[in-house]
Amino acid sequence: ELRENNSLNIRKIAILSMFVTISLTIFVLESLMPPVINIPGIKPGFANIVTLFLLVNTNKRSAFTVLIVRIILASIFAGQIMSLFYSLSGGILSLLAMSIVLYITKKKTVWFASVVGAIFHNIGQILAAVVVLGSWTVICYLPVLLISGCITGLITGLITEFLDRSLAKGAFLDRLNKILCVKKVS
């Protein structure tokens with residue numbers, strides 16, 4: 001039994017590492033793209049597809065683990081440790097908001113959860129900026145971030161829904177949930 005548990009834990013670590021790698025790869029590729037709009041802080045946030053996919057198909061613990069590891073490694077790889085505080089604030093608040101929306105809607109409106117997550121990510125980052133800068137003046141930047149967050153959140157949510165529907169046709173999700181010990185909810 002101990003050997004079986006160790007084997008399961010190793011598989012769980014490997015699966016979560018795979019998702020961290022996918023989200024980090026998306027983050028790096030996104031950082032190489034020229035900005036669509038030349039406004040600081042606005043980017044698509046496609047790495048969040050992985051977080052949302054895990055929230056919908058596994059559990060909050062797996063999504064949280066991948067999110068935190070990705071944020072820490074992305075901050076180190078990008079050489080922007082200061083962004084760690086902003087990213088953690090936005091990421092954790094976003095994960096919490098998406099979890100609540102998915103719970104309330106019984107995971108039926110992934111795109112809407114993504115939009116809400118993007119909005120709360122921006123709110124979290126603005127609150128972090130208020131703390132770091134010691135000034136509320138940065139809050140005037142919030143409307144621009146909220147508009148861009150709605151657009152990018154919608155795109156991210158629709159991509160996640162497409163990915164979810166595509167993978168639901170195979171045995172991938174069943175195997176993933178078995179490895180991550182996720183109980184099926186009817």
Can you check whether [X] reaches [Y] side chain to side chain, under 4.5 Å on heavy atoms?
X: F64; Y: N59; value: no
X: S89; Y: L127; value: no
X: T156; Y: P44; value: no
X: L96; Y: F120; value: no
X: N48; Y: R70; value: yes
X: L145; Y: H121; value: no
X: I92; Y: I71; value: no
X: V56; Y: E161; value: no

Just how far is it from atom [atom1] of [X] to atom [atom2] of [Y], taken to the nearest 0.5 Å?
X: N122; Y: L146; atom1: CG; atom2: CG; value: 6.0 Å
X: I81; Y: I72; atom1: CD1; atom2: CD1; value: 9.5 Å
X: L158; Y: F162; atom1: CG; atom2: CZ; value: 11.5 Å

Problem set entry | V69 reachable from F19 in the ILVMFWY side-chain graph, under 4.5 Å edges | yes
Problem set entry | Same apolar cluster (I L V M F W Y, side chains within < 4.5 Å links), I49/M18 |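 Yes, I49 and M18 fall within the same hydrophobic cluster.
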For this session: Determine the minimum heavy-atom distance between I126 and V138, stating which atoms define it.
Result: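 Between these two residues, the closest heavy atoms are CD1-O, 3.6 Å.
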Exercise. Residues two or more places apart in sequence or in another chain: which of them pass side-chain hydrogen bond (donor to acceptor under 3.5 Å, both in side chains) with S17?
Worked result: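 Residues passing side-chain hydrogen bond (donor to acceptor under 3.5 Å, both in side chains) with S17: none at all.
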Exercise. Can you list the residues that meet the side-chain hydrogen bond (donor to acceptor under 3.5 Å, both in side chains) rule with T105, with sequence neighbours excluded?
Worked result: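 For T105 the side-chain hydrogen bond (donor to acceptor under 3.5 Å, both in side chains) partners, ignoring immediate neighbours, are T109.
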Exercise. Is a side-chain N or O of S23 found less than 3.5 angstrom from the main chain of V20, in a donor-acceptor match?
Worked result: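 Yes; judged by distance alone, with no hydrogens or angles, the pair exists.
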For this session: Hey, could you give me each pair passing side chain to side chain donor-acceptor pair (under 3.5 Å) that has a residue in residues 126-138? Not counting sequence neighbours.
Result: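 Listed once each, the pairs are S135-T137.
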